[in-house]
Amino acid sequence: MLVNIKDMDTNRTKANETLINIIARIERLPATRYMWAVFLVASFGYFFDFFEVSMMGSVAPSAARTFHVSTAAGALLITVTLLGMLVGAAFGGYLADRYGRKRMFMFTLLGWAILSIITAFSPNYSVMFILRALTGIFLGIEIPTLDTYLNEILPSSMRGKYFQIVFAIFEWYVPVIFLLALVIVPLSPQAWRYMFIIGGAFAVPLYIARLLIPESPRWLVISNKPDKAEETLKFIENHVERNLGKKLP
């Protein structure tokens with residue numbers, strides 16, 4: 001038993017040393033084209049998450065008329081999406097810790113994109129209500145997972161600046177959505193359905209781009225995958241060094 005305790009202490013010490021080493025190497029990474037690319041590909045999920053939610057303000061009245069329900073019932077489609085996000089956010093952190101940051105935001109992206117396209121073909125109000133709740137759950141899981149991923153893979157010197165820039169850019173989603181809705185929704189009584197197809201279609205290039213970004217090395221270490229963490233961080237460092245044209249210090 002004493003030997004096992006010593007072995008456990010030794011393994012724990014090695015894991016802590018590996019984690020400290022990984023964090024230190026991430027902290028020394030400079031802002032290069034590759035780091036910008038990882039950041040933008042991951043963070044662009046915010047735009048589509050907000051697109052899905054904000055779009056309902058333009059779509060709900062038309063959907064209510066299509067399904068012959070009251071305006072209040074149409075507004076519930078917005079509310080149930082937000083409630084779904086609360087549910088998803090409640091256990092999103094656990095899923096990201098268990099299955100990985102990248103795996104979860106890839107899964108959630110695919111999930112809400114498919115649900116968005118299915119929503120476009122909703123035959124009645126009840127089906128659309130359920131689909132919006134499910135979409136909200138996927139969105140609720142994705143947003144905190146993205147936050148965690150970006151905080152783990154970016155050095156601290158870059159986080160504040162990057163987040164300020166990205167939210168300054170993505171605040172433009174509001175006029176984009178309303179202009180898009182202004183053009184599309186009036187085309188016909190059923191044209192609101194195209195908004196969901198557009199949202200789902202936008203996810204395709206983002207999904208492909210996300211395939212190319214790495215998993216969080218910090219999560220890999222914490223998940224007892226030190227060799228994979230080393231391999232992933234080396235992959236990141238190689239890209240950064242190619243951008244710099246020299247070795248990292």
| field | Minimum heavy-atom distance Met35-Ile153, with the two atoms named | value | CE-O, 3.7 Å
| task | For Gly57 and Pro61, work out which heavy atoms get closest and say how close. | result | O-CD, 3.6 Å
| said: Looking at Trp219 and Asp97, would you say the former's side chain and the latter's main chain have a donor-acceptor pair under 3.5 Å? | reply: yes
| field | Heavy atoms from other residues, nucleotides or ligands near OH of Tyr125 exceed 12 (cutoff 6.0 Å) | value | yes
| task | Of all the heavy-atom pairs spanning Thr66 and Pro189, show the shortest one and how long it is. | result | OG1-O, 3.3 Å
| Gap between atom CG of Asp147 and atom CD of Glu152 - 0.5 Å precision | 11.0 Å
| said: Measuring only between side-chain heavy atoms, which start at C-beta, is Phe202 closer than 4.5 Å to Glu52? | reply: no
| message | Quick one, Met106 and Leu211 - any side-chain contact, counting heavy atoms below 4.5 Å? | response | yes
| CA sep, side-chain torsions, deciding dist, call: Arg242, Asn238, side chain to side chain donor-acceptor pair (under 3.5 Å) | CA-CA 6 Å; Arg242 278 199 291 270; Asn238 287 339; 5.9 Å; no
| Same cluster (ILVMFWY, side-chain, under 4.5 Å), Val204 and Leu206 | no
| message | Strictly below 4.0 Å, N to O, side chains only: are Glu231 and Lys228 in salt-bridge contact? | response | yes
| field | Student check: side-chain heavy atoms of Leu77 and Phe129 closer than 4.5 Å | value | yes
| task | Might you confirm whether atom CZ of Phe67 has over 12 heavy atoms from other residues, nucleotides or ligands at distances under 6.0 Å? | result | yes
| query | Does Leu248 reach the side chain of Pro30, with side-chain heavy atoms less than 4.5 Å apart? | reply | yes
| Contact check, side chains of Pro205 and Ile208, non-hydrogen atoms, under 4.5 Å | no
| task | Give a yes or no on whether a salt bridge exists between Arg218 and Glu27, defined as a side-chain N under 4.0 angstrom from a carboxylate O. | result | yes
| request: Give a yes or no on whether Arg103 atom CZ has more than 12 heavy-atom contacts from other residues, nucleotides or ligands under 6.0 Å away. | output: no
